[in-house]
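The next block holds one structure in the form of structure tokens; read it before the comments.
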Amino acid sequence: QVQLVESGGGLVQPGGSLRLSCAASGSFFSINTMAWYRQAPEKQRELVAQVTSGGTTHYADSVKGRFTISRDNAKNTVHLQMNSLNPDDTAVYFCNALIKKRSMFSTEYPYWGQGTQVTVSS
């Protein structure tokens, strides 16, 4: 069974920083793209940032220049460094990974973490 476990959320003042981490565990062949999504109350879940296994990154316009996504392929982890946080960043943040379970010919499936709350408030 594949599990994604997030950590690092919390309460921070505007202008502050937080670092989110997500670790994948269980039995699988490979992880392709890893990503962070977020969902604010009464809003749709949105992509925040993603990174491929080769290191190519993509960011939502709203976080460019403030957030940095990184991954450690050897440890099956992905991190999101969030700087200059503002109240609009308040949301539940979810880790996502596209995983092949058995071999390179396996179908790729998305897996999700349970989410971690980030609250930006004074």
Side-chain angles (χ1 to χ4, degrees):
Q1 191 76 341
V2 177
Q3 275 193 315
L4 299 181
V5 179
E6 300 117 332
S7 60
L11 173 63
V12 64
Q13 291 188 341
S17 298
L18 279 176
R19 180 177 168 86
L20 304 183
S21 295
C22 172
S25 63
S27 177
F28 50 85
F29 175 77
S30 66
I31 304 177
N32 190 357
T33 300
M34 301 187 82
W36 289 95
Y37 287 73
R38 67 185 181 187
Q39 187 165 19
E42 300 183 2
K43 290 190 176 181
Q44 288 192 330
R45 190 173 297 189
E46 62 174 357
L47 175 67
V48 175
Q50 66 181 40
V51 57
T52 68
S53 57
T56 300
T57 58
H58 170 78
Y59 296 92
D61 287 342
S62 59
V63 307
K64 280 180 182 176
R66 300 189 299 123
F67 290 11
T68 302
I69 190 170
S70 61
R71 67 187 283 175
D72 184 333
N73 290 331
K75 296 181 179 179
N76 297 319
T77 56
V78 62
H79 308 281
L80 186 68
Q81 178 65 42
M82 304 186 293
N83 298 329
S84 301
L85 285 161
N86 62 64
D88 288 340
D89 297 315
T90 295
V92 178
Y93 284 70
F94 296 90
C95 176
N96 170 274
L98 296 178
I99 293 176
K100 292 187 176 185
K101 291 256 341 229
R102 292 181 174 80
S103 75
M104 63 182 294
F105 303 108
S106 297
T107 301
E108 202 170 70
Y109 287 104
Y111 289 83
W112 294 89
Q114 79 286 356
T116 185
Q117 177 69 46
V118 171
T119 302
V120 184
S121 175
S122 55

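Fair warning: this is a prediction, and the values are worked out from it, not measured in the lab. Sequence positions, counted from 1, serve as the residue numbers for this chain. We use all heavy atoms of the structure for the numbers below, so side chains are in, but hydrogens, waters and symmetry mates are not.
- Contact of the L85 side chain with the F67 side chain is registered, since non-hydrogen atoms from C-beta on lie closer than 4.5 Å.
- Between H79 and S21, the shortest heavy-atom distance links the atoms ND1-OG, 2.9 Å.
- Of all the heavy atoms in R66 and S84, the pair that sits closest is NH1-O, 3.0 Å.
- At a threshold of 4.5 Å between side-chain heavy atoms, the hydrophobic network of Ile, Leu, Val, Met, Phe, Trp and Tyr places F94 and L4 in two separate groups.
- Contact check for M104 versus S30: no side-chain heavy atoms found under the 4.5 Å cut-off.
- With Q13 contributing its side chain and S122 its backbone, the two residues share no donor-acceptor pair below 3.5 Å.
- A side chain to side chain contact (heavy atoms under 4.5 Å, CB included) with L20 is found for one member of V48, I69, V118 and no other, namely V118.
- Following chains of ILVMFWY side-chain contacts shorter than 4.5 Å, one cannot reach Y109 starting from L98, and the two form parts of different hydrophobic clusters.
- Put simply, the side chain of V78 does not reach to within 4.5 Å of the side chain of I31, judged on heavy atoms.
- For the pair R38 and D89, the minimum side-chain heavy-atom distance is below 4.5 Å.
- In the displayed structure, F29 atom CZ is contacted under 6.0 Å by more than 12 heavy atoms of other residues, nucleotides or ligands.
- Both V92 and L47 are members of a single hydrophobic cluster when ILVMFWY side chains are connected at heavy-atom separations under 4.5 Å.
- For Q3, the CD atom counts as loosely surrounded, since its 6.0 Å shell holds 12 or fewer non-hydrogen atoms of other residues, nucleotides or ligands.
- Environment of CZ in R19: crowded, with over 12 heavy atoms of neighbouring residues, nucleotides or ligands closer than 6.0 Å.
- Contact annotation: the side chain of S53 approaches that of N32 to within less than 4.5 Å [non-hydrogen atoms, C-beta and beyond].
- Rounding to the nearest 0.5 Å places CG of L80 at 13.5 Å from OH of Y37.
- Residues C95 and W36 meet the side-chain proximity criterion, which asks for heavy atoms closer than 4.5 Å.
- With sequence neighbours excluded, the residues satisfying side chain to side chain contact (heavy atoms under 4.5 Å, CB included) with T119 are L11, T90, Q117, S121.
- Clustering ILVMFWY residues whenever any of their side-chain heavy atoms sit less than 4.5 angstrom apart, transitively, puts Y111 in the very cluster that holds F28.
- How far CE of M34 is from OG1 of T57: 14.5 Å, rounded to the nearest 0.5 Å.
- Contact between A91 and Y93 at its shortest, heavy atoms only, is O-CD1, 3.4 Å.
- For E108, the salt bridge (Lys or Arg N to Asp or Glu O under 4.0 Å) criterion is met by no residue, not counting sequence neighbours.
- Side-chain atoms of E6 come within 3.5 Å of backbone N or O of Q114 as a donor-acceptor pair.
- Judged by distance alone, the side chain of S106 and the main-chain N or O of R102 form a donor-acceptor pair under 3.5 Å.
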